[in-house]
Amino acid sequence: MSVFSLLVAQNVVFWVIAALMVFAALRLVTTRNVVHAALYLVGVLGGVAALFLLMGAEFVGITQILIYIGAVIILFLFGIMLTRTRIGDEEKTDHRNRLGAILAGLAVAGVTIYTVIAGFGDAELGADTRTTTAEVSDSIFSQYIIPFEAVSVLLLAALIGAIVVARRE
Amino acid sequence: MSVFALDPAYIGGFGLSEALILIIKVVGAFGLLLVAVMLMIWFERKLVGDMQNRIGPARAGPWGILQTLADGVKLFFKEDLRPAKSDRLVYRLAPYMSLVPAFLVFSVVPVGGNFTSGDGTVTWFGNSTFLQVADPHVGILLVLALSSAAVYGIMLAGWSSGSKYSLLGSVRASAQMISYEAALGLSLAAVLLQAGSLSTHEIVAAQGGWNWNLWVTGLVPALVFVIAATAELNRPPFDLVEAEQELVGGFHTEYSSIRFALFFLAEFMNVITMSAIIVTLFLGGPDGPVLTERASWIWGVVWFFVKLVALLFMFVWFRATLPRLRYDQLMDVGWKFLIPLSLGWLLLLGALRVGRDRGWNTAAVVVVCVAAGAAAGVLLRLAVRSGRRESGELADAEADAGEAVNVGEPEKGS
């Protein structure tokens, strides 16, 4: 398989995944069932993982599944299941301020797009963009050690805070 | 060719012979797993029967070996019921969400090859290839990701049934699986430290010639992993999910017919794949004495299956002999014993590794590490005790399950 046809295949797969992700994201905010919304979120995050894999970032892709799908959404579902067990649509899932929500969404999208364009511009990615786990860990623990440690301390503080809040009751 | 770097056979391009290899592997692994599940259910029933002085299944086929097939056919033709209050789509989706991860895990397990005096490759159609469906660079992370994705099937089955018994069963099951995943991952990290790779092939290759992780990493990670795996599989003595005396039937109470069969299949398939993962991580995979020079890879397959059956026997033995834990005991074992132990052991192994690189005195490193570990353990105990005293629980030994989870939390900060 030549490099050219591989790139074509990558592009086709990208658009298919992207379309599915947009659909899941739209359903996520329009569905009235909280558990269904969580499952659509799984779809979106799974799509993100698939895009990472498509870019050859295996470690990041699998970690995305492990952390977001395997832990974060599971905890979401856990909370939903323990607090509201009613099956079916709920009235309170809708918000009145739709215009504000749309504006906020557009603002976030604008900032993200601007960052990506400002950061990468017209830079072309080669055919082999694969990064190994060793490369990822090398860059985390050398070049990005300060942000890494800052995030660790932040997470630790959040953890302790959660325990304090939970124990007060 | 980043996308195809799953197997050495695909490096030189992807043609007819490579496609053939891929198809043979996928179909072979699929068929092998299904037949293995069928035999495993029979093996378990027969063995438990033996240990309880019963005969076990004896009617269908020689020694009752076709019993599972008969049960499967029976389940297939039963009426498929869906409770009126259930969530239709999720109710139908849930069995597959628990079956698919069970299948996929097996694809990264090396089932054969000569790792003792070779590099574990075999030659098919002029291509050298591994005896595993795929060898991604992040193989073992894939196993962890799939095992955490398997929680979805159980969780959604319980919720979508629209019945409180199912919901209680699934909350129990998912709380247990989430709790033990941490211990599972931490004990696995010791193996990764030893092998220096996430790929299952590399992990097995690093253990070639009797350097099995079982003793190379010092027995503790293997024991923690087996205990956590038993809990992760919801098997006795951690089968609170299906505790017959307490629950109606667990998360699949409302399921019947083929959908119930799918859960049942996934459960036993998980036992087999988890045993295969234990063989890969700690027992050297297909490593073992090569008795003939010709077709030396066949001995790898033989040893792999010998180890697999030994582990399966162990799991059945657990079931037949060990009494079930109480829910608060289950959470205590997971959070207060297994996680600190595997974390401490990981730090010890890391310190030994650094000490070897820097030329430190090994005995001194061990003494310092054990002292630090003991101090941390005492601190942890004190924290747990003071936490109990605060909530007025010390006298009341039977802390309820919710408290047990809360009390177990602070150690992550220490």
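In what follows, chains carry the letters A, B, and so on, assigned in the order in which the sequence lines appear, proteins first and then strands, with residues in each chain numbered from 1.
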Below 4.5 Å from any heavy atom of chain A, which atoms of [X] appear? Answer side chain, backbone, both or neither.
| X | result |
| --- | --- |
| B:Val90 | side chain |
| B:Ala175 | both |
| B:Ile178 | side chain |
| B:Leu156 | side chain |

Item checked: Among the listed options A:Leu66, A:Ile74, A:Thr63, A:Thr133, the residue most often paired with chain B at heavy-atom distances under 4.5 Å -> A:Ile74
Check: Parallel under 30°, tilted from 30 to 60°, perpendicular over 60°: which one fits the rings of A:Tyr40 and A:Phe23?
Finding: perpendicular
Check: [Y] and [X] side chains under 4.5 Å, non-hydrogen atoms:
| X | Y | answer |
| --- | --- | --- |
| A:Val60 | A:Met55 | no |
| B:Glu202 | B:His137 | no |
| A:Leu39 | B:Leu89 | no |

Check: Is a side-chain donor-acceptor pair under 3.5 Å present for B:Ser86 with B:Glu254?
Finding: no
Next item on the list: Please determine, among B:Leu141, B:Leu93, B:Leu142, the option with the most heavy-atom pairs under 4.5 Å with chain A.
Entry: B:Leu141
